[in-house]
Participant: 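Take a look at the following structure, please.
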Amino acid sequence: MIGSLFAASLALTALQDPVTPPPSAAQDPTVYRLEEIVVEGTRLEERTAEYVREVAAPARGRGPARWRQGVCVGAANFDPELAQYLVDRVSDVARDLGLSAGQPGCQPSILIIGTTDGASFTRDFVEMRPRLFVVGGGGMDRGRNALEEFMSSDRPVRWWHVSMPTDSETGTRAARLPGDYVPGYDPQYDVLGYAPQVSVTVASRIQSSIEDTMKRSFVIIDVDKLGGVSLEQLGDYVAMVALVQVNPDADTSRYETILNLFETPDSIAGLSGWDRAYMDGMYAVRPGRISTMVQVQTITQAIVAAYREQDEE
């Protein structure tokens with residue numbers, strides 16, 4: 001039982017090889033799977049676009065964000081064996097997406113925390129360090145209502161992402177934070193002193209020089225609510241919600257996805273074809289699309305391409 005591995009001590013973990021993957025589990029034939037829909041190209045694209053619209057959860061007024069180069073994964077409040085596995089699994093999935101994974105001792109950008117009272121712990125954590133969750137700049141989080149849901153939810157696993165609009169060429173911040181001021185400008189008369197300086201290299205009605213970059217992910221696990229899920233299933237679930245922005249209220253019941261873990265734990269053994277293709281698609285497209293419709297179309301095409309590559313393999 002995963003709960004038996006939980007410990008009260010706070011410790012950040014290092015990286016090492018993952019444990020043996022889980023065996024296959026029985027699956028519900030009514031959900032959409034790669035092998036059932038790949039035959040009809042139009043149907044595949046329709047289902048994929050529906051999935052993207054349902055699952056994606058970008059910051060307010062922004063497009064989906066992704067990690068730019070790499071991540072550092074940390075875990076706290078777990079037995080060392082469980083913490084090590086979670087760090088390893090998320091790091092391995094990150095590498096599969098073309099990201100680098102931090103070495104032991106790095107400063108965590110993804111922090112996985114265990115608790116026996118998710119709602120109470122999360123609220124105390126947010127109230128103690130509110131700027132970790134709401135930085136104060138535009139387009140960096142999903143807003144106060146979503147944060148309240150994050151704190152009060154009774155889900156076994158909850159997550160919160162902080163992203164940032166950045167210069168697509170340099171990666172520098174493209175949004176003002178409270179207190180920002182550029183030296184050399186008159187603070188009383190010159191508004192440029194309060195604005196980030198970014199380069200504009202793309203002249204297009206559908207493409208922007210600004211992209212959305214993930215900066216922090218918090219994943220809080222209520223170990224008393226995990227039920228009978230396996231460590232391998234939990235690791236894949238955490239990897240999914242830590243590496244891409246997932247809507248916690250998404251209805252994914254029609255799809256074969258790890259996001260259904262706590263509704264139908266016996267139906268999914270780990271990351272599915274949907275999940276891997278979705279993440280591959282998110283990291284395959286060039287960010288910075290201005291139109292939401294174009295964003296969905298572009299990601300959909302990348303996911304469909306990933307599906308077909310899986311089918312060929």
Participant: Taking atom types as modelled, find out whether Ser272 and Asp275 have a side-chain donor-acceptor pair closer than 3.5 angstrom.
Facilitator: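 Indeed, the side chains of Ser272 and Asp275 share at least one donor-acceptor pair under 3.5 Å.
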Participant: Can you name the residues that form a side chain to side chain contact (heavy atoms under 4.5 Å, CB included) with Arg123, not counting sequence neighbours?
Facilitator: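 Expected list: Glu127, Glu148, Met151, Ser152.
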Participant: Is the backbone of Leu132 close enough, under 3.5 Å, to the side chain of Arg216 for a donor and an acceptor to pair up by distance?
Facilitator: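 It does hold such a pair.
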Participant: Quick one about Asp224 and Thr116 (side-chain donor to acceptor, distance below 3.5 Å, no hydrogens or angles considered), yes or no?
Facilitator: no
Participant: So which heavy atom on Val73 is nearest to which on Ser91, and how close?
Facilitator: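 Answer, listing the atom of Val73 first, then Ser91: CG2-OG, 3.6 Å.
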Participant: Scan residues 59-105 for pairs that pass disulfide (SG to SG under 2.5 Å), counting only residues two or more places apart or in two chains.
Facilitator: Cys72-Cys106
Participant: Between the side chain of Asp222 and the main-chain N/O of Asp154, is any donor-acceptor distance below 3.5 Å?
Facilitator: no
Participant: Would Glu149 and Asn145 satisfy side chain to side chain contact (heavy atoms under 4.5 Å, CB included), going step by step from the backbone distance to the final call?
Facilitator: CA-CA 6 Å; Glu149 172 65 17; Asn145 289 339; over 6 Å; no
Participant: Could you pull out the closest heavy-atom pair between Trp160 and Gly143, with the gap in Å?
Facilitator: CH2-O, 3.6 Å
Participant: Can you sort out the partners of Ser120 under side chain to side chain contact (heavy atoms under 4.5 Å, CB included), two or more places apart, ordered by chain and number?
Facilitator: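 In terms of side chain to side chain contact (heavy atoms under 4.5 Å, CB included), with neighbours along the sequence ignored, Ser120 is linked to Asp117, Asp124.
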Participant: Could you tell me whether Glu263 atom CD has more than 12 heavy atoms of other residues or ligands within 6.0 Å of it?
Facilitator: yes
Participant: What pairs of residues pass the side chain to side chain donor-acceptor pair (under 3.5 Å) test when at least one of them lies in residues 237-251, not counting sequence neighbours?
Facilitator: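 For residues 237-251: Arg155-Asp249, Asp251-Ser253.
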Participant: Salt-bridged, Arg47 to Glu50, with N to O below 4.0 Å?
Facilitator: yes
Participant: Is any side-chain heavy atom of Met279 closer than 4.5 Å to a side-chain heavy atom of Asp96?
Facilitator: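 A side-chain contact is absent here, since even the closest heavy-atom pair is not under 4.5 Å.
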Participant: Provide the closest heavy-atom pair for Pro108 versus Gly74 in the form atom of the first, atom of the second, distance.
Facilitator: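 That closest heavy-atom pairing would be CB-N, 3.9 Å.
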Participant: Test your reading of the model: is there a side-chain donor-acceptor pair from Gln233 to the backbone of Ile268, 3.5 Å cut-off?
Facilitator: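 It does hold such a pair.
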Participant: Would you compute the distance between atom CD1 of Ile113 and atom CZ of Arg158 and round it to the nearest 0.5 angstrom?
Facilitator: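 These two atoms lie 11.0 Å from each other.
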Participant: Between atom CG of Leu86 and atom CG of Leu82, what is the distance when rounded to the nearest 0.5 Å?
Facilitator: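 Leu86 atom CG to Leu82 atom CG measures 4.5 Å (nearest 0.5 Å).
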Participant: Distance from Arg66 atom CZ to Leu99 atom CG, nearest 0.5 Å?
Facilitator: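 It comes to 8.5 Å.
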Participant: So, using side chain to side chain donor-acceptor pair (under 3.5 Å) as the criterion, who are the partners of Thr122 when residues are at least two apart?
Facilitator: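 None.
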Participant: What I'd like to find out is whether the side chain of Pro248 reaches to under 4.5 Å of the side chain of Trp159, using heavy atoms alone.
Facilitator: yes
Participant: Can you name the nearest heavy-atom pair linking Val241 to Val246, along with the distance?
Facilitator: CA-CG2, 4.3 Å
Participant: Against Ile220, only a single residue in Thr115, Val157, Asn77 fulfils side-chain contact (heavy atoms from CB on, under 4.5 Å); can you say which?
Facilitator: Thr115
Participant: As an exercise, state the distance from CD of Glu54 to OH of Tyr255, rounded to the nearest 0.5 Å.
Facilitator: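 Rounded to the nearest 0.5 Å, the CD-OH separation comes to 7.5 Å.
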Participant: Please tell me if the side chains of Val244 and Tyr283 come closer than 4.5 Å, counting only heavy atoms from C-beta onward.
Facilitator: yes
Participant: The criterion is side chain to side chain contact (heavy atoms under 4.5 Å, CB included); which residues satisfy it with Gln107, sequence neighbours excluded?
Facilitator: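 For Gln107, no residue satisfies side chain to side chain contact (heavy atoms under 4.5 Å, CB included) once neighbours in sequence are set aside.
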Participant: CZ/Arg68 to OG/Ser100 distance, rounded to the nearest 0.5 angstrom?
Facilitator: 12.5 Å
Participant: Is there side-chain contact between Tyr278 and Met240, with heavy atoms separated by less than 4.5 Å?
Facilitator: yes
Participant: Is the closest side-chain heavy-atom distance between Asp236 and Glu232 below 4.5 Å?
Facilitator: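 The answer is no; the side chains never approach within 4.5 Å.
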Participant: In chain order, what residues pass the ring-ring contact (aromatic ring centres under 6.0 Å, His included) check against Phe125, with sequence neighbours excluded?
Facilitator: Phe121, Phe133, Phe218
Participant: Using a 4.5 Å cut-off on heavy atoms from C-beta on, say whether the side chain of Trp67 contacts that of Leu97.
Facilitator: no
Participant: For residues 227-281, which residue pairs pass the disulfide (SG to SG under 2.5 Å) check, not counting sequence neighbours?
Facilitator: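 Output for this query is empty, none listed.
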Participant: Which heavy atom of Ala242 sits nearest a heavy atom of Ile110, and at what distance?
Facilitator: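 Taking Ala242 first and Ile110 second, the nearest heavy atoms are CB-CG2, 3.8 Å.
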Participant: Excluding sequence neighbours, so at least two apart, what forms side chain to side chain donor-acceptor pair (under 3.5 Å) with Thr264?
Facilitator: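 In terms of side chain to side chain donor-acceptor pair (under 3.5 Å), with neighbours along the sequence ignored, Thr264 is linked to Ser267.
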Participant: Might you point out which heavy atoms bring Ala250 and Val55 nearest each other, and give the distance in Å?
Facilitator: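 Answer, listing the atom of Ala250 first, then Val55: CB-CA, 4.1 Å.
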